[in-house]
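These numbers come from a predicted model, not from an experiment. Below, chain A is the first sequence line, B the second, and so on; all start at residue 1.
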2 protein chains.
Amino acid sequence: MTDIAPPLIGSPNLRPFTHSLPMALLRAREATMRWFRPHLAAHGLTEQRWRVLRALTSADGPLDVGQVAERTFLLAPSLSRILTDLKGLGLVHRVADTVDRRRTLLSLTDDGRRLVTRVAPESESIYGRIEERFGAERLDSLLADLRELEDALAEIDGGGR
Amino acid sequence: MTDIAPPLIGSPNLRPFTHSLPMALLRAREATMRWFRPHLAAHGLTEQRWRVLRALTSADGPLDVGQVAERTFLLAPSLSRILTDLKGLGLVHRVADTVDRRRTLLSLTDDGRRLVTRVAPESESIYGRIEERFGAERLDSLLADLRELEDALAEIDGGGR
DNA sequence: CCCATATGTATAACATGTGAATCAATGGTG
DNA sequence: CACCATTGATTCACATGTTATACATATGGG
C-alpha cells in the first residue's frame, strides 16, 4: 500500500527490510519475549529451560528426550545441554529407560514441580496483559495465521513435484 | 479443532504449548528460514551476515554500527563479531569516523557489492515462492498484524501509566 | 549368533543471543 | 582547562542455535 519502493539507484532490487517476513517474525517475537524474560530471570530460568519444565509439567508421565525436543521445539544439542543444567539444579530426573536403553526418560523432581507452581501464575498473568493489549480475538486470529503459514511452508520442494 | 485441552489433573493451569504466542512466532520463523538457509549457506553466508550486507546495500552512504544494529535488529555484541568476520572476508570496510572518533563507519567493498548482486535474485525468488504458497494479500495482512503486535507491546509498563 | 543398518542421545565446533562490564571519545559545567 | 556523566563500540561470560559427527543400543537379515 504505502511502500512505493524507490528506484534504488545502482543497488540490487531488494525488498525493504522491515517488510520482510523473517524480520517481522523476529521483531514480533522479541517484542513479546521482552515481557517474559525479566520474570523468568527472577527465578533463575531462561526461556528454553522454562519450555522444558512446561513440557514435562503438561505430560502425563515421563517423556523421552525426543518427545521433549518435539514439544519444546529445541534442537537435540541444545536440549542435551539444558537437561544437564536442569538436572544440576535438581529440577528434573534423567534416567535410562529400562526397556530401550538408548532412551533417556525425563520427569520433574518435587523441586521442579514446586518451581513451576511458583512461576506459572505470573507467567499466565503476563500473557493475559499481552492478550489485553492486542485484543484476544485478534491474538487468536494471529495464532491461526501463523499456524497456517507454518503449514503452508512445511514441505520444501519449491514446485518441483 | 481437535485439541480439547484436558482438565490437567494436578498440574498448574498452563495454556498448551503450541497455543502460546512466543512458540507460534518461533515455529513460523523457523518454517520460513528453512527456505532461505540453504541458499545463503551456498554462498558462505549466514542469515545475520546477509542482513548486514542488505542494510549496507540499501543505505545511501556509510552507516555507523548503531544504525546497522537498528536496521538489522542485531545486538551490539553479535554485530561486532559479525563485522569482524565480514571484514575478514573482505566484504565490508570498517573505518573510524573522522569527526566523532567513537563511531565506526561501515560500507560495502566492491566484493561485497558483487556478492549481494549474485545472492539477491535467488533470495527474492525464494520470497516469491513463499508469497505464492501463502497468498500475497494474506502475507501483507500478516505482516501488518505483526507490526501492530510489535507496536502494542512496545512500551513495557503493564498498564501503570 | 554375526553383521549391517537404523535409531536415540550426546559431543564437538563454530556462530549467535543476551546481559554486564570495559574502554575510548565526547560534551557540557564550573 | 579539569572534571565527570554520557555515548558508541567492543569485549567478556555464559546460554543457545546449527550442522556434523560420534557413540551406544536395537533391529532385522543371513
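A salt bridge links Glu47(B) with Arg29(B): the distance from a Lys NZ or Arg NE/NH1/NH2 to an Asp or Glu carboxylate oxygen falls below 4.0 Å. With respect to Arg129(B) and Glu124(B), no salt bridge is recorded, no charged nitrogen being found less than 4.0 Å from a carboxylate O.
Place Arg94(A) and Arg101(B) on DNA chain C by their nearest nucleotides, and Arg94(A) ends up nearer the 5' end. If Asp97(A) and Thr84(B) are placed on DNA chain D by their nearest nucleotide, the residue sitting closer to the 5' end is Thr84(B). Ranked by how close their nearest DNA chain D nucleotide is to the 5' end, Glu47(A) and Thr98(A) are led by Glu47(A). Remark on DNA chain C: of its neighbouring residues Leu83(A) and Thr46(B), the 5'-side contact belongs to Leu83(A), judged by nearest-heavy-atom nucleotide.
Closest contact between the side chain of Ser78(A) and the listed nucleotides dT19(D), dT18(C), dT16(D) involves dT16(D). Of all nucleotides listed (dA10(C), dT18(D), dA24(C)), dT18(D) comes nearest to the side chain of Arg37(B). Nearest to the side chain of Arg51(A), among dG17(D), dA24(D), dT11(D), sits dG17(D). Across dT9(C), dG17(C), dT26(C), the shortest atom-to-atom separation from the side chain of Leu75(B) is found for dG17(C). For Val65(A), the listed nucleotide lying nearest its side chain is dA10(C); candidates were dA15(D), dA10(C), dT19(D). Of the candidates dA6(C), dG8(D), dT18(D), dG8(D) carries the atom nearest the Arg103(B) side chain, counting heavy atoms from C-beta on.
Within the 4.0 angstrom heavy-atom criterion, only backbone atoms of the sugar-phosphate kind lie near Val99(B); the bases stay farther away. In this structure, Leu79(B) reaches neither bases nor backbone, as no heavy-atom distance under 4.0 Å exists between it and the strands shown.
OP1 or OP2 of dG17(D) lies within a sub-4.0 Å distance of a side-chain N or O belonging to Gln48(A).
When rounded to the nearest whole Å, the span between CZ of Arg29(B) and P of dT16(C) equals 13 Å. Rounded to whole Å, atom P of dC14(D) lies 13 Å from atom CZ of Arg49(A). As rounded to whole Å, 12 Å separates atom P of dT10(D) from atom CG of Leu86(B).
For Arg102(B) and dT7(D), a side-chain-to-base donor-acceptor distance below 3.5 Å is present, hydrogens and geometry of angles not being considered.
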